[in-house]
Peer 1: 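Let me give you the structure first, and then I'll get to my questions.
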Amino acid sequence: SDVCSSDLKGDPVVIILTPVSSSEGVTRMLPETARVASIHESSGGSFGAVITLLAAETVARDVADAGSVHLAIVSEQG
């Protein structure tokens, strides 16, 4: 089911990636901002939610290579 408040759809987020293991790299924040398209509760496994983002293809590649992904909502106020 959709657990995303309609207030979150379209919100800009920054993406923070952690490596698969501490010996493989460092935690980093991507320079690109993405937008939340939808959030759905996971049907099982170790995921808390499935979040669909609107972003550049380079973001998708970086996320696919990450050990875990963290999102933070960006304030659009200066």
Side-chain angles (χ1 to χ4, degrees):
S1 68
D2 193 349
V3 295
C4 179
S5 157
S6 61
D7 292 341
L8 294 178
K9 290 181 182 177
D11 277 358
V13 293
V14 293
I15 302 168
I16 301 156
L17 306 175
T18 58
V20 174
S21 72
S22 60
S23 64
E24 294 181 6
V26 297
T27 298
R28 63 192 175 96
M29 184 171 70
L30 298 183
E32 301 92 344
T33 302
R35 293 219 174 250
V36 175
S38 66
I39 302 175
H40 298 276
E41 188 174 342
S42 178
S43 59
S46 61
F47 297 108
V50 175
I51 302 171
T52 304
L53 300 173
L54 301 173
E57 183 179 333
T58 55
V59 171
R61 277 189 245 127
D62 285 338
V63 167
D65 289 339
S68 65
V69 178
H70 304 271
L71 303 175
I73 295 173
V74 176
S75 171
E76 293 188 296
Q77 300 173 8

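Index from 1, following the sequence.
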Peer 1: According to side-chain hydrogen bond (donor to acceptor under 3.5 Å, both in side chains), who are the partners of T52, at least two apart in sequence or on a separate chain?
Peer 2: S38

Peer 1: Identify the heavy atoms of R35 and P12 that sit nearest to each other, and give their distance.
Peer 2: NH1-CD, 3.2 Å

Peer 1: Anything under 3.5 Å between a donor and an acceptor, one on a side chain of residues 53-61, the other on a protein residue two or more places apart or in another chain? List them.
Peer 2:
residue : atom : partner : partner atom : Å
E57     : OE2  : R61     : NH2          : 3.1
T58     : OG1  : E32     : OE2          : 3.4

Peer 1: Answer whether the closest heavy-atom distance between the side chains of D62 and R28 falls below 4.5 Å.
Peer 2: yes

Peer 1: Do the non-hydrogen side-chain atoms of I15 and L71 ever get within less than 4.5 Å of each other?
Peer 2: yes

Peer 1: Run the side-chain contact (heavy atoms from CB on, under 4.5 Å) test against V14 and tell me which residues pass, sequence neighbours left out.
Peer 2: M29, A72, V74

Peer 1: Only counting residues at least two apart or in another chain, list the ones meeting side-chain hydrogen bond (donor to acceptor under 3.5 Å, both in side chains) with T18.
Peer 2: S68

